[in-house]
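As structure tokens, the structure follows; a few thoughts come after it.
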Amino acid sequence: MPARTKLLAVLIPILALLSVAVTADAPAPFTLHDLGNGAWAAIDNPDAKAARAGANAGFVVGDDGVAVVDTFEHAPAAQELLNQIRAKTKLPIRFVVNTHYHIDHVAGNNIFAAAGATVMAQENVRAWEHTENLKFFGAKITPEQKEMVESLGLPSVTYKDGVQIYLGARRLIVRSLPGHTGGDSVVYDPAANVVFCGDLFWDHTLPNLIDASTKPWINSLDTLIADYPTATFVPGHGEVGHVRDVRDFRGYLSDLRNFIAQAQAQGKSGDELMNAVLPQIQQKYGSWNFPGFAKLDTQFTDQELRGQKRIPQPPSQ
Ligand SMILES: [Zn+2]
């Protein structure tokens with residue numbers, strides 16, 4: 001099976017799911033975690049199966065409005081998030097920040113935009129959302145799938161390196177950091193000491209490296225570790241963590257690079273390289289979520305270290 005097909009099998013049982021409604025007796029698509037001071041994490045609930053959120057999100061209730069970070073993989077889950085925010089506050093939902101372009105973080109943009117929010121993201125998110133998301137559906141993408149991707153709500157405000165959001169006197173600091181796609185942001189809320197990381201941080205979960213540049217990613221994690229040593233970290237996937245968990249994730253990317261570099265130095269490639277690397281990943285990270293990503297992570301990082309990996313390119317100015 002080609003890598004992309006495998007990725008599809010692991011990652012994207014999306015389309016059937018968009019039409020799944022959230023019903024009262026079904027498991028909730030996400031669970032809300034109170035992080036204090038008006039900051040909340042919405043953590044994907046795998047038990048909801050087809051109706052799950054597909055990724056984590058979060059929101060901050062400020063003085064005069066609400067900011068939301070990411071909008072899930074499925075519109076019904078995003079609608080449920082909107083309902084839950086509405087149940088907590090009557091303040092307007094003023095902003096959505098998309099941490100990156102992947103469909104599991106942007107599929108509810110239209111729902112929040114219709115509710116009055118301005119959707120913001122790093123400029124590459126706007127450039128890639130309607131194009132790069134097509135690859136997750138493979139060569140046999142249907143017209144309906146293509147139309148769905150091309151109708152995803154785009155950010156209407158973009159930035160290059162970052163932006164500050166004011167909810168009254170409450171300030172959120174949005175920073176663009178490289179590594180996962182080349183257009184990722186984190187949102188730091190100083191009042192609650194929370195960092196919403198998007199997919200720059202996966203908590204004890206093997207990451208999706210399809211667009212990754214692991215070397216700058218490790219540097220970005222070092223920045224987060226140095227700048228926010230006491231913060232609560234909301235990952236894109238997995239449970240809410242702390243700096244030690246971010247360190248664990250940094251360790252995974254670093255180990256992965258080292259395992260592969262070692263095999264390459266021994267002249268290994270293809271199946272031989274895979275057979276050398278997979279047991280090492282299994283031994284150290286076999287208990288993490290999404291263990292099925294080990295093979296893809298090895299393939300992508302093998303390509304990356306050989307300088308042969310295709311990663312999305314920013315549009316020419
Ligand atoms: Zn994700």
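In each ligand, atom 1 is the first atom listed, and ligand 1 is the first ligand listed. The figures here come from the full heavy-atom set of this structure, side chains too, leaving out hydrogens, waters and symmetry mates. Along the sequence shown, residues are numbered consecutively beginning with 1.
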Under 6.0 Å between the ring centres of His105 and His237? yes

Asp189/Arg170 salt bridge by N-O under 4.0 Å criterion: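 Yes.
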
Under a 4.0 Å threshold between the charged nitrogen and the carboxylate oxygen, would Asp255 count as salt-bridged to Lys284? yes

His105 near the Zn ion (ligand 1) via N/O/S, less than 2.8 Å: yes

Taking both backbone and side chain into account, is any N, O or S atom of His237 nearer than 2.8 Å to the Zn ion (ligand 1)?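 Checking the Zn ion (ligand 1) against His237, an N, O or S atom does fall under 2.8 Å.
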
Among the N, O or S atoms of Asp199, which one sits nearest to the Zn ion (ligand 1)?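 Atom name returned: OD2.
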
Of all N, O or S atoms in Asp104, which has the smallest distance to the Zn ion (ligand 1)? OD2

Any chance the side chains of Thr99 and Asp70 put a donor and an acceptor closer than 3.5 Å? yes

